[in-house]
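Here's the structure, in structure tokens; my notes come after.
The residues of the chain are indexed from 1 along the displayed sequence. In listed order, ligands and their atoms are each counted from 1.
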Amino acid sequence: MSARIAWIAARGGPLRGDLRVPGDKSISHRALMLAAIAEGTSRIGGFLEGEDTRATAAILRQLGVRIEAPADGERVVHGVGLHGLRGSADRLDCGNAGTGMRLLCGLLAGQDFACELVGDESLSRRPMGRVIEPLTRMGASIAAADGGRPPLRIAANKALRGIDYELPVASAQVKSAVLFAGLYAQGTTRVHESQPTRDYTESMLAAFGWPIRFRPGHAELEGGHRLRALDIVVPGDFSSAAFLIVAACIVPGSDVLIREVGINRRRTGLLAALRAMGADIVEENPRRLGGEAVADLRVRHADLHGIEVPPAIVADMIDEFPALFVAAALAEGPTVVRGAAELRVKESDRIAGMATGLHALGVRVDETPDGAIIHGLGAAGRLRSAQVDSRGDHRLAMAFAVAAQRADGQARIADCANVATSFPGFMALANSFGMSVQAHPATDS
Ligand code: S3P
């Protein structure tokens, strides 16, 4: 039995404020990894001080990379070059981070030392066969527990070869693992995606000076080049902003500005979905920051209506479904989600977790194998007081806290500690702009 953090969330005031969210998780992981194997010293600004990205930094330190943290959100990484990592006798603990484990698996598949990657309870349940399979084809030797789950034992291997790989699931993590291994492989590594996914690995490799050819749905590179140190500025994480965006959409009287959010179009499917539902969201001052598109997002309350989420945008909003389910729960009429079976293998089964929690809060949700139909309560609808379980999933915890802003009474949300993996300071920020979320230490049985 372990002491876990529970939250009490309830209706606050109209949401108002001028805010920033923490740095992008995907970009922070990649920036650390590429800076670690680059030549020279890289500086990362806007780095996400989350448990996931700190776990990656700790692993790179274990592998001999000097990483300084001169200030909050800043890292100075003294790159050791492509072949400069050193083995560690200790296991490499990725914590809760699927991105950390899958990307590191690619990076470590072609090293001259063996290593073992482990994760927490949630990560230990997640499928790793999807990275083991292509890396094995490249010549890597990776042993997993039953069902291709962590821990992963990666053997020393200096003889990877490039492959031509068609991704069977839309996954930027798998694509990135193959490309990272490709840096160490003989010949050309090509990846093809039928559904383009986030392209940070490709654009960051190019920025670090590695010759890479890529366009949506395709990337290819040759092994044996070098990475040159780079200064990187990480934009605000759209996936964190998503909770504040939905909160402002559903709480009457809200008007919020969220500054400097990354709006890479492979991440912002939620904006398209919410706009189709009638949301009032304006991208102000669009600009580039560290090579990425960013904007300040102005969100005002609007009455929403249900939609059929186009399957074509599912990959572009894969992390935003918990937030979308909440918007749908308070929209007029049903919202239909399909083609999103990947949600079942995230930090938790997000379809089941959201359906169960929203049901407790008084919303009918029909689960399907690859999605759900959420029967929204409409503009005047109120959720009821309930106890819900975030299942240790950071995004479920934040989604339920947002939902509670339209509840009569309180939502008690169990198992919220993992919010610190992606959105440290969520509670303080949420309260500062009008939400009501309090922490209550509780012991789950
Ligand atoms: C990520 C890719 C996505 C996403 C995850 C971060 C990345 O996972 O859900 O939060 O940084 O590449 P998949 O590649 O498994 O879809």
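For residues 229-251, the set of pairs meeting the salt bridge (Lys or Arg N to Asp or Glu O under 4.0 Å) definition, not counting sequence neighbours, comprises D237-R267.
Using the six-membered ring where Trp is involved, H218 and H192 have ring planes that are tilted, between 30° and 60° apart.
Counted by atom type alone, H83 and Q111 present zero donor-acceptor pairs between their side chains at under 3.5 Å. Between the side chains of Q173 and T99, at least one donor N or O sits under 3.5 Å from an acceptor N or O. Side chain to side chain, D112 and N157 fail the donor-acceptor criterion of an N or O pair below 3.5 Å. E222 and T188 share a donor-acceptor pair across their side chains, judged by distance under 3.5 Å alone.
The protein residues lying under 4.0 angstrom from ligand 1, judged by non-hydrogen atoms, are K25, S26, R30, T99, R102, A170, S171, A172, Q173, R198, I318, D319, K346.
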